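Everything below concerns the one structure shown next.
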Amino acid sequence: MARWGLVIVAIYGLIAVVTPLLLAAGLLPDPNAGLDNPIYAAPSWQHWCGTDRLGRDVCVRTLQGSGVALQVVLLAVALALVIGVPLGMVSGYLGGAVDRVLVLLMDTLYTLPVLLLSVVLAFLLGRGIPNAAAALCVVYVPQYFRVVRNQTAQVKAELFVEAARSLGAGPVWILRRYLLRNVITSVPVLVTLNSADAVLVLGGLGFLGLGLPETVPEWGSDLNLALAAVPTGIWWTALFPGLAMFVLVLGLSFLGEGLEAWVSGGEASRS
């Protein structure tokens with residue numbers, strides 16, 4: 001399962017890298033240019049995935065949307081990692097009032113529905129790639145915090161941590177040198193699963209018109225535009241963006257499930 005997921009994600013990464021180069025070289029048409037094309041043209045040799053209601057090439061927009069989705073999702077997950085992991089380690093190691101305050105804050109965020117919180121934050125921050133990544137980042141910080149905090153609270157009671165503390169090692173040194181490598185074993189699994197969920201949430205924001213600017217090709221906004229055309233038999237404007245989103249989520253889910261099975265098997269063999 002992990003191999004299939006890795007292959008799918010690698011293909012999307014390759015598409016994200018190659019598509020801008022082909023656009024810059026003029027080998028692919030501008031994804032926002034459609035005045036010279038017929039509207040709602042069916043898939044053909046000239047337009048492999050057809051055109052939308054503005055005459056834009058659906059295939060090029062779907063390919064360009066791959067890079068946009070990966071860019072936003074990776075930025076959001078990276079920000080969530082940078083914020084959630086240190087907070088979880090500090091909370092689990094120090095305990096006391098600091099731990100209670102951080103746990104209360106993170107539990108409050110965690111109880112809110114993911115899409116609702118993302119919609120509110122996207123509405124407040126506005127449309128744009130950094131803003132969309134920030135809106136998604138806040139949603140996933142509590143998950144990293146909870147996982148890392150619980151593991152830190154367990155590992156800090158180990159003998160090697162007590163020995164380091166008795167030798168005069170400070171909290172920062174212990175967190176960085178002894179605890180970090182022991183509490184991030186399950187983080188890669190959470191990264192892949194959160195990335196799959198973030199693709200869907202980003203699509204939902206785009207569908208609601210709160211994701212990225214209109215000039216940026218994005219699967220959710222294209223599905224919103226295709227909604228009115230589907231009942232009339234124009235299926236290609238919705239099929240290809242939806243299929244691209246589905247396959248990417250499937251690949252990330254496969255990768256996450258495979259990593260989880262591998263990590264669980266490794267922990268079982270060590271025990």
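These numbers come from a predicted model, not from an experiment.
- Taken from CZ in R149 to CD in Q154, the straight-line distance is 10.0 Å, to the nearest 0.5 Å.
- With sequence neighbours excluded, the residues that form a side-chain hydrogen bond (donor to acceptor under 3.5 Å, both in side chains) with D197 are Y140.
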Output side-chain donor-acceptor pairs under 3.5 Å for residues 235-249, partner residues at least two apart or in another chain, one line each.
unit_1: W236; atom_1: NE1; unit_2: A41; atom_2: O; d: 3.2
unit_1: W236; atom_1: NE1; unit_2: T51; atom_2: O; d: 3.1

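- No chain of hydrophobic side-chain contacts below 4.5 Å, direct or via other Ile, Leu, Val, Met, Phe, Trp or Tyr residues, connects L125 to V216.
- Shown here for G258 and A2, the closest heavy-atom pair between the two residues is CA-CB, 3.7 Å.
- With hydrophobic clusters built from ILVMFWY side chains whose heavy atoms lie under 4.5 angstrom apart, V17 does not share a cluster with I11.
- Other residues sharing the hydrophobic cluster of W48, ordered by chain and number and joined by side-chain separations under 4.5 Å: W45.
- Shown here are the salt bridge (Lys or Arg N to Asp or Glu O under 4.0 Å) partners of D57, two or more places apart in sequence or in another chain: there are none.
- Sorted by first and then second residue, the salt bridge (charged side-chain N to carboxylate O under 4.0 Å, His left out) pairs involving residues 39-49 (not counting sequence neighbours) form an empty list.
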Side chain to side chain contact (heavy atoms under 4.5 Å, CB included), that's the test. Do I234 and R53 meet it? Break it down for me.
CA-CA 10 Å; I234 300 173; R53 70 177 187 179; over 6 Å; no
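- The shortest side-chain heavy-atom distance between V183 and V155 falls under the 4.5 Å cut-off.
- Of the inter-residue distances, the one linking I8 atom CD1 with F254 atom CZ reads 6.5 Å to the nearest 0.5 angstrom.
- Counting only residues at least two apart or in different chains, salt bridge (charged side-chain N to carboxylate O under 4.0 Å, His left out) contacts with residues 118-135 are absent.
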Would you give me the side-chain donor-acceptor pairs under 3.5 Å for residues 108-116, sequence neighbours excluded?
unit_1: T108; atom_1: OG1; unit_2: L104; atom_2: O; d: 2.7
unit_1: T111; atom_1: OG1; unit_2: D107; atom_2: O; d: 3.3
unit_1: T111; atom_1: OG1; unit_2: T108; atom_2: O; d: 2.8

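- Both V138 and L205 are members of a single hydrophobic cluster when ILVMFWY side chains are connected at heavy-atom separations under 4.5 Å.
- In this structure, CG in L210 is found 11.5 Å from OG in S221, a value given to the nearest 0.5 Å.
- The two residues E218 and L202 make their nearest non-hydrogen contact at OE2-O, 3.5 Å.
- Pairs of residues two or more places apart, or lying in two chains, never qualify as side-chain hydrogen bond (donor to acceptor under 3.5 Å, both in side chains) while including a residue from residues 204-213.
- Of all heavy-atom pairs between P20 and A16, the closest is CD-O, 3.0 Å.
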Just list the side-chain donor-acceptor pairs under 3.5 Å for residues 63-92, sequence neighbours left out, or say none.
unit_1: S66; atom_1: OG; unit_2: T62; atom_2: O; d: 3.3
unit_1: S91; atom_1: OG; unit_2: D99; atom_2: OD1; d: 2.3

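- Smallest separation of non-hydrogen atoms from G211 and A132: O-CB, 4.4 Å.
- Both L124 and L212 are part of a single hydrophobic cluster, where members link through side-chain heavy atoms under 4.5 Å apart.
- Put simply, the side chain of Y144 reaches to within 4.5 Å of the side chain of V191, judged on heavy atoms.
- For the salt bridge (charged side-chain N to carboxylate O under 4.0 Å, His left out) condition, the pairs that include at least one residue of residues 59-81, sequence neighbours left out, are R61-D222.
- Note that CG of L6 and CG of L252 are 10.5 Å apart. Values are rounded to the nearest 0.5 Å.
- Between V201 and S118, the closest heavy-atom pair is CG1-OG, 3.5 Å.
- In this structure, R146 CZ and Q151 CD are separated by 13.0 Å, a value rounded to the nearest 0.5 Å.
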I'd like to know whether R56 forms a side chain to side chain contact (heavy atoms under 4.5 Å, CB included) with L225, so could you lay out the CA-CA distance, the side-chain angles of the two residues, the decisive distance to 0.1 Å, and finally the verdict.
CA-CA 12 Å; R56 300 173 300 189; L225 293 176; 3.3 Å; yes
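- By the 4.5 Å side-chain criterion applied to Ile, Leu, Val, Met, Phe, Trp and Tyr, L23 is assigned to a cluster that also includes L14, V18, L22, L27, L28, V60.
- The list of salt bridge (charged side-chain N to carboxylate O under 4.0 Å, His left out) pairs with a residue in residues 9-34, not counting sequence neighbours, is empty.
- Proximity of L54 to I39: side-chain heavy atoms (C-beta onward) are nowhere separated by under 4.5 Å.
- Neither L105 nor Y93 shares a network with the other; the hydrophobic side chains, linked directly or stepwise wherever heavy atoms of I, L, V, M, F, W or Y lie under 4.5 Å apart, form separate groups for each.
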